[in-house]
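Down below is the structure, laid out as structure tokens.
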Amino acid sequence: MSTQQDNNFQSIIAHAKEYGFVFPSSEIYDGLSAVYDYGPYGSELKKNIRDYWWKSMTQLNDNIVGIDAAIFMHPTTWKASGHVDNFSDPMIDNKDSKKRYRVDHLIEAFAENLTEQGFRDKAENVLQQMDALLAKDDFAGLKKLIDDNKISCSISGTSNWTDIRQFNLMFKTEFGAVASDNPDDNIVYLRPETAQGIFVNFLNVQKTARMKVPFGIAQTGKAFRNEIVARQFIFRMREFEQMEMQFFVRPGTEGEWYKFWKEERLKWHLSLGIDAGKYRYHDHVKLAHYAKEACDIEFEFPIGFKEVEGIHSRSDFDLSQHQLYSKKKQQYFDTDIDPNTGKPYGNYIPYVIETSIGLDRMFLLILSNAYHEETISKEDGTTDSRVVLQINPKIAPIKLAIFPLTKKDGLPEIAKEIFDDCKQDFRCFYEEKDAIGKRYRRQDAIGTPFCITIDHQTKEDKTVTIRYRDTMQQERISIDLIKSKIKESL
RNA sequence: GCGGAAGUAGCUCAAUUGGUAGAGCGAUAGCCUUCCAAGCUAUAGGUUGCGGGUUCGACCCUCGUCUUCCGCUCCA
């Protein structure tokens with residue numbers, strides 16, 4: 001099973017490169033690990049996915065507005081968010097088995113073992129020591145803790161460990177051209193998530209857009225994580241794009257809003273015509289430090305079910321933290337009447353429901369779902385094959401391809417006239433080279449849903465042939481109807 | 001990061017146990033005109049991932065390095 005799927009995944013990657021969707025970054029210099037560029041059709045598709053999300057969030061929800069926050073943020077942002085302390089994991093390797101462990105996982109497993117053997121007090125003691133050492137970033141102390149307890153690797157059974165190393169997942173850079181005596185003064189991070197740009201602007205947005213809770217703030221943008229291992233094509237990249245919406249609600253209502261967005265987001269995915277059977281929810285059991293409830297929307301990629309979007313109930317953690325660190329009140333005054341007291345709800349820090357989807361993952365999802373290698377039986381009994389991307393017309397890179405059947409007899413002139421007219425309204429593609437069948441196949445390969453062909457009959461009755469990508473069926477329609485025909489599918 | 005495998009033209013591959021790189025498809029230009037890729041002609045393209053070493057001579061042997069894939073690991 002996996003072989004077939006892996007092959008399919010390889011085919012998709014190869015197709016993405018060959019047809020100008022995704023290229024390895026700086027490929028002429030051998031590429032940069034886990035960084036990719038989007039090509040002519042890829043950038044169109046990516047933009048269309050982003051636009052479709054943006055429209056469904058901001059335009060179709062009158063209580064959601066968008067922002068575009070900077071990638072650089074004040075360094076304290078990341079202290080408040082917990083990323084400076086928590087977004088890095090001390091790791092240790094066993095020299096014999098070559099296994100790498102997160103230090104906290106290793107020690108926790110050891111403690112669990114002790115508990116099972118009835119040494120509950122000792123286990124507690126070890127965990128307490130670990131927490132104290134982790135809080136101080138005392139790696140030497142942690143190493144000593146491991147050595148003193150003779151904690152061993154479950155594979156090799158030995159305690160032959162490397163030193164503990166820190167892997168900070170945030171990219172650092174220097175801010176300002178002048179070097180400071182204290183290097184820490186100049187450090188800024190490339191944001192590891194876009195969410196904080198929304199949280200720190202919570203009151204700016206609420207006041208200027210005159211929003212009333214419940215309301216949301218949407219944003220798309222790049223984020224950066226220095227992953228230890230980043231692989232699987234564009235699934236896990238070091239530079240990636242998120243589409244996030246933070247929805248601010250009155251405390252006590254977060255449960256129903258979490259449920260609402262959990263369902264709403266899946267509906268969005270299904271609105272692109274993707275098989276519901278390829279989706280599933282994965283509810284988190286072990287929650288992040290800020291979360292009350294969390295789930296992933298997973299999709300069955302060729303490499304298995306993987307997370308494409310997360311819905312998190314984040315309580316008031318983020319706003320409270322920013323209030324604490326900035327010493328600026330992050331309260332909202334709710335004038336709605338509380339039926340229990342007959343008075344306004346008053347001041348509170350709103351709770352947050354987050355929906356966060358990886359744009360690049362969504363792109364891969366669309367590509368994986370759309371990619372089909374088909375065998376076609378021809379009338380003369382022979383077979384033929386084609387690769388077709390069955391991308392929903394709403395987000396297809398090119399909506400309409402326009403072909404004159406031949407290069408002469410005035411057909412190109414008519415075709416170009418139609419092209420010039422249609423390109424005002426949606427992305428079109430014109431081509432007169434090669435046999436018509438070959439041109440159709442090229443459009444299939446990049447997912448163009450409609451092709452029209454201008455032939456000699458066009459000159460007589462002003463009709464053209466429209467050919468549908470998925471069924472390969474064709475019919476004659478009047479030139480006047482082309483635009484409306486395409487538009488109704490978008 | 002560890003272990004395994006791979007890297008020759010845009011793609012798929014070839015090059016007789018080391019003798020200095022070829023084909024099909026694709027691309028481009030032209031001919032042909034025929035509604036589902038394969039009609040004809042011509043043209044362009046590679047210091048064989050990169051860098052050392054061995055050799056008279058390296059795509060081939062060797063070392064290093066980069067990238068990709070698979071497994072492990074990691075994944076707020």
Side-chain angles (χ1 to χ4, degrees), chain A residues 2-3 6-7 9-11 13-15 17-20 23-35 81-83 85-89 91-102 105 155 162 165 167 169-170 192-193 195 223 225-233 235-236 284 286-291 294 296 303 306-307 310 312 314 317-318 354 356 358 374 376 378-379 382 384-388 403-409 411 432-445 451-457 464-469 471-476:
Chain A
S2 64
T3 311
D6 291 345
N7 287 344
F9 195 52
Q10 301 310 322
S11 306
I13 293 169
H15 189 85
K17 176 167 178 231
E18 180 140 17
Y19 286 90
F23 308 126
S25 162
S26 22
E27 194 184 11
I28 61 169
Y29 294 109
D30 274 343
L32 186 61
S33 181
V35 185
S81 71
H83 283 82
D85 292 329
N86 294 314
F87 210 64
S88 58
D89 303 315
M91 310 284 287
I92 192 165
D93 293 0
N94 183 277
K95 289 178 184 171
D96 298 313
S97 65
K98 308 291 186 193
K99 279 272 189 183
R100 168 167 296 163
Y101 295 87
R102 262 175 67 169
H105 288 180
I155 306 294
T162 63
R165 285 179 291 176
F167 292 82
L169 298 184
M170 281 197 290
E193 63 174 26
R225 291 182 193 173
N226 212 349
E227 302 280 355
I228 299 166
V229 173
R231 256 196 304 203
Q232 288 171 317
F233 195 42
F235 189 81
R236 175 164 294 116
H284 290 201
K286 194 179 175 192
L287 296 171
H289 58 79
Y290 53 72
D296 297 335
I303 47 176
K306 298 275 185 184
E307 175 189 356
H312 295 204
R314 295 177 74 122
F317 175 82
D318 301 279
E354 168 189 85
S356 174
E374 291 183 351
I376 301 156
K378 294 203 284 193
E379 288 177 5
T382 60
D384 201 358
S385 66
R386 70 164 182 163
V387 171
V388 55
F403 307 138
L405 186 59
T406 72
K407 275 189 220 172
K408 46 172 126 170
D409 302 332
L411 301 186
E432 57 189 43
K433 195 178 147 36
D434 289 321
I436 195 71
K438 190 178 271 189
R439 282 180 265 169
Y440 285 152
R441 295 304 167 83
R442 275 200 283 257
Q443 294 308 309
D444 288 343
C451 297
I452 59 168
T453 298
I454 288 78
D455 59 15
H456 294 90
Q457 192 184 328
V464 296
T465 304
I466 182 163
R467 180 262 196 189
Y468 302 98
R469 176 193 64 202
T471 60
M472 296 174 73
Q473 299 293 312
Q474 44 193 33
E475 58 183 333
R476 287 203 83 85

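In what follows, chains carry the letters A, B, and so on, assigned in the order in which the sequence lines appear, proteins first and then strands, with residues in each chain numbered from 1. In this text, all values refer to a predicted model and were calculated from it rather than measured experimentally.
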Quiz item: Syn or anti: how is B:rG45 classified when any glycosidic angle within 90° of 0 counts as syn?
Solution: syn

Quiz item: Taking the P atom of each, how far is B:rU43 from B:rC60, in whole Å?
Solution: 31 Å

Quiz item: Which listed nucleotide (B:rC35, B:rA27, B:rU67) is nearest to the side chain of A:D455?
Solution: B:rC35

Quiz item: Considering only side-chain heavy atoms of A:E193, which listed nucleotide, B:rA76, B:rU67, B:rC35, is closest?
Solution: B:rA76

Quiz item: Looking at the side chain of A:M472, which of B:rC35, B:rC36, B:rC11 is the nearest nucleotide?
Solution: B:rC36

Self-check item: Spacing of A:I28 atom CD1 relative to B:rG7 atom C1', expressed in whole Å
Solution: 18 Å

Quiz item: Ignoring hydrogens and angles, does a donor from either the side chain of A:R467 or the base of B:rC35 sit under 3.5 Å from an acceptor on the other?
Solution: no

Quiz item: When we call it a touch if two heavy atoms are under 4.0 Å apart, what does A:A445 touch: a base, just sugar-phosphate, or nothing?
Solution: nothing

Practice problem: Taking salt bridge (charged side-chain N to carboxylate O under 4.0 Å, His left out) as the test, write out the residues that go with A:E432, two or more places apart. | Solution: none

Quiz item: Mind checking whether A:F403 and A:R467 have side chains closer than 4.5 Å, heavy atoms only?
Solution: no

Show the distances under 3.5 angstrom between N or O atoms of the protein and N or O atoms of nucleotides 28-34 of chain B.
unit_1	atom_1	unit_2	atom_2	d
B:rU33	OP2	A:K408	NZ	3.4

Quiz item: Given the C1' atoms of B:rG26 and B:rC61, what is the spacing between them in whole Å?
Solution: 35 Å

Quiz item: When we call it a touch if two heavy atoms are under 4.0 Å apart, what does A:S385 touch: a base, just sugar-phosphate, or nothing?
Solution: base

Practice problem: Could you tell me whether A:D444 contacts a base, only the sugar-phosphate backbone, or nothing, with contacts defined as non-hydrogen atoms closer than 4.0 Å? | Solution: nothing

Quiz item: For A:R441, which residues count as a salt bridge (charged side-chain N to carboxylate O under 4.0 Å, His left out) partner, sequence neighbours excluded?
Solution: A:D384

Quiz item: Considering only side-chain heavy atoms of A:Q10, which listed nucleotide, B:rC69, B:rA76, B:rC36, is closest?
Solution: B:rC69

Quiz item: Can you tell me how far C1' in B:rC69 sits from the matching atom in B:rG49, rounded to whole Å?
Solution: 15 Å

Quiz item: Can you tell me how far C1' in B:rC70 sits from the matching atom in B:rU28, rounded to whole Å?
Solution: 38 Å

Quiz prompt | Options B:rA76, B:rA38, B:rC11, nucleotide nearest the side-chain atoms of A:K438 | solution = B:rA38

Quiz item: Starting at CZ of A:R469 and ending at C1' of B:rC36, how long is that distance when rounded to a whole Å?
Solution: 16 Å

Quiz item: Which part of the nucleic acid does A:E307 contact within heavy-atom distance under 4.0 Å: base, sugar-phosphate only, or nothing?
Solution: nothing

Quiz item: For the side chain of A:S33, counting heavy atoms from C-beta on, which of B:rG10, B:rU68, B:rA37 is nearest?
Solution: B:rU68

Exercise. Please work out if A:F23 contacts a base, only the sugar-phosphate, or nothing of the nucleic acid, heavy-atom cut-off 4.0 Å.
Key: nothing

Exercise. Going by the side-chain hydrogen bond (donor to acceptor under 3.5 Å, both in side chains) test, name the single residue among A:H284, A:H312, A:K306 that passes it with A:D296.
Key: A:H284

Quiz prompt | Spacing of the C1' atoms in B:rU16 and B:rA21 (rounded, Å) | solution = 14 Å

